[in-house]
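A short write-up of the structure that comes next.
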Number of protein chains: 2
Amino acid sequence: MSPKNIIIMSKCEQCIVREFSSLKALTKEELLKLSDCKTSHIIKKGEVIFEEGENVNGIFCIKDGICKLTKLSANGKDHIVKLVTKGELLGQRSMISDEPVNLSAVALEDMQVCFIPKSDVMGYFDKNNQFSMNVMKTICGDLKEADDHMVNLAQKTVKERLAETLLYLHDSFGKNEDESLRIQLSRDELASIIGTATESCIRLLSDFKKLGLIELSGKKIVLQDIAKLKKVAE
Amino acid sequence: MSPKNIIIMSKCEQCIVREFSSLKALTKEELLKLSDCKTSHIIKKGEVIFEEGENVNGIFCIKDGICKLTKLSANGKDHIVKLVTKGELLGQRSMISDEPVNLSAVALEDMQVCFIPKSDVMGYFDKNNQFSMNVMKTICGDLKEADDHMVNLAQKTVKERLAETLLYLHDSFGKNEDESLRIQLSRDELASIIGTATESCIRLLSDFKKLGLIELSGKKIVLQDIAKLKKVAE
DNA sequence: ATTAAAACATGACATTTATCATATTAAAGG
DNA sequence: CCTTTAATATGATAAATGTCATGTTTTAAT
């Protein structure tokens, strides 16, 4: 992330998304201090926030937008491990483990993020028990999600995984006025969430369309028959 | 776990495996108190320590033996998410999230485990910063492992996953005097680690044998050519 | 607006993997 | 020790998925 992306943004006390993250435990004094040590950034769609193996030395708080967390596999393909959105924090695991990040973060749409240096976060971490507890619970939630995801990848067919993922995108990120999924992924990205070849993903989307489960127009996807999709996902 | 399994065991201060878990951070006084609140248990091979959905209300410290952590998938098959052995703790995520456990734990061999009630652990957790930090780092490590595992399941072939798993079993659990893998899994269990049908797993083991990568005699598996196995795993 | 590049789509085919059937072997219980 | 059951093994086949080729559409850049 280049320094030119640093911009002036509102104070942390007035930031709404803070309420949705572990940071909600911070006191007014802590928030005032936080406003001083944070830097705010605009990240454009497609830009990299951090890359696998990098030393991030802090955490990011997402004020707006969505990004994907990816991991490079042995065969050279990226796998999307998780989607992260407004109100969530990035880089917590790496900070606690005191290790380089094990995933890359790439913006799926224009984003606003704030960066808080590790030294500052760790201060809150040591002194504010509720804050550290919140971070821990988030990581525990991630671990549970990862376990579920793992079992799905191991036991479900590509078709089931695609149906499930479409429902997940619908439930987690909502839809636009025209009923299409708010989050827009390329076929390639969708394939790398469900763990399949791009062509297989495209083919199954076409099948779903023919079966009346979804509507397709360009990148836009409308879930037409959610009940049936749920049946396909099992 | 039935109460009849409770047995008298040595004091925590003298317990060696404690040194390998987050509990190593506890002070002598804390360990003395721990000895009083813990209960010790013998678990026979195949017995269930806890089951998915159960309220465990504490953590288990494994003094001896190995168990599998499994999750039931939608199609009714168990998937082995993780193997846990001597020196590790069980049930930490559930305790911190304050939720039922999301995995079942089943002994793969006879085990000795100690149970520490949640109320006691949480006491150490609040007062001993190093202990809570250790627990957190363990969970962060689990999350990283889960991410890696996920990508492997999504991107690698069954053959690659089998080779990788055999190497993992070798590196993590060692071998017996006769060079065979110390940890003994049924073909069915091996299949449910790599996420495939039992028959496919058996077939690939036969292939590996024909290729001179491994030796098979009953449940015993000897890794004959580790270099080649690594190549197969990529 | 034009062109180049990227993304999407589909057919043909190869490969991988699952499923079903059926032996064979090993383990466990009376 | 015998008998029953479970685990292992293998063949035959079906189904799922990946790969390569190729054409179309969309997007982005000049």
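Numbers restart at 1 for each chain; the letters A, B, ... are given by sequence-line order, proteins then strands.
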Open item on the list: I need the residues from residues 153-160 of chain A with at least one non-hydrogen atom less than 4.0 Å from DNA chain D; give them sorted by number, or say none.
Closed with: A/Thr157, A/Val158
Just the atom pairs and distances: protein N or O near nucleotides 28-30 of chain C's N or O, under 3.5 Å.
none

TODO: Determine to 10° how strongly the helix from C/dA1-D/dT30 to C/dG30-D/dC1 is bent, judged from the axes of its five-pair ends.
DONE: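 One end axis against the other gives 60°.
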Open item on the list: Strictly below 4.0 Å, N to O, side chains only: are B/Arg182 and B/Glu109 in salt-bridge contact?
Closed with: yes
With sequence neighbours excluded, residues passing salt bridge (charged side-chain N to carboxylate O under 4.0 Å, His left out) with [X]:
X        : result
A/Lys44  : none
B/Glu160 : none
B/Lys228 : B/Asp225
B/Glu215 : none

TODO: Summarise how protein sits on nucleotides 3-14 of chain D as a single string, 5' to 3': B when a protein heavy atom is under 4.0 Å from the base, S for sugar-phosphate-only contact, - for no contact.
DONE: ----SSBBBB--
TODO: Any pair with a residue in residues 190-200 of chain A that passes side chain to side chain donor-acceptor pair (under 3.5 Å), sequence neighbours left out, goes on the list, sorted by first then second residue, please.
DONE: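 Side chain to side chain donor-acceptor pair (under 3.5 Å) check on residues 190-200 of chain A returns A/Asp188-A/Thr198.
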- [ ] Only counting residues at least two apart or in another chain, list the ones meeting side chain to side chain contact (heavy atoms under 4.5 Å, CB included) with B/Lys159.
- [x]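 With sequence neighbours excluded, B/Lys159 shows a side chain to side chain contact (heavy atoms under 4.5 Å, CB included) to B/Thr157, B/Leu204, B/Phe208, B/Val232, given in chain and number order.
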Task: With sequence neighbours excluded, residues passing side chain to side chain donor-acceptor pair (under 3.5 Å) with B/Asp148 - done: A/Lys71
- [ ] Please identify each residue that fulfils side chain to side chain donor-acceptor pair (under 3.5 Å) with B/Asn55, with sequence neighbours left out.
- [x]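 For B/Asn55, no residue satisfies side chain to side chain donor-acceptor pair (under 3.5 Å) once neighbours in sequence are set aside.
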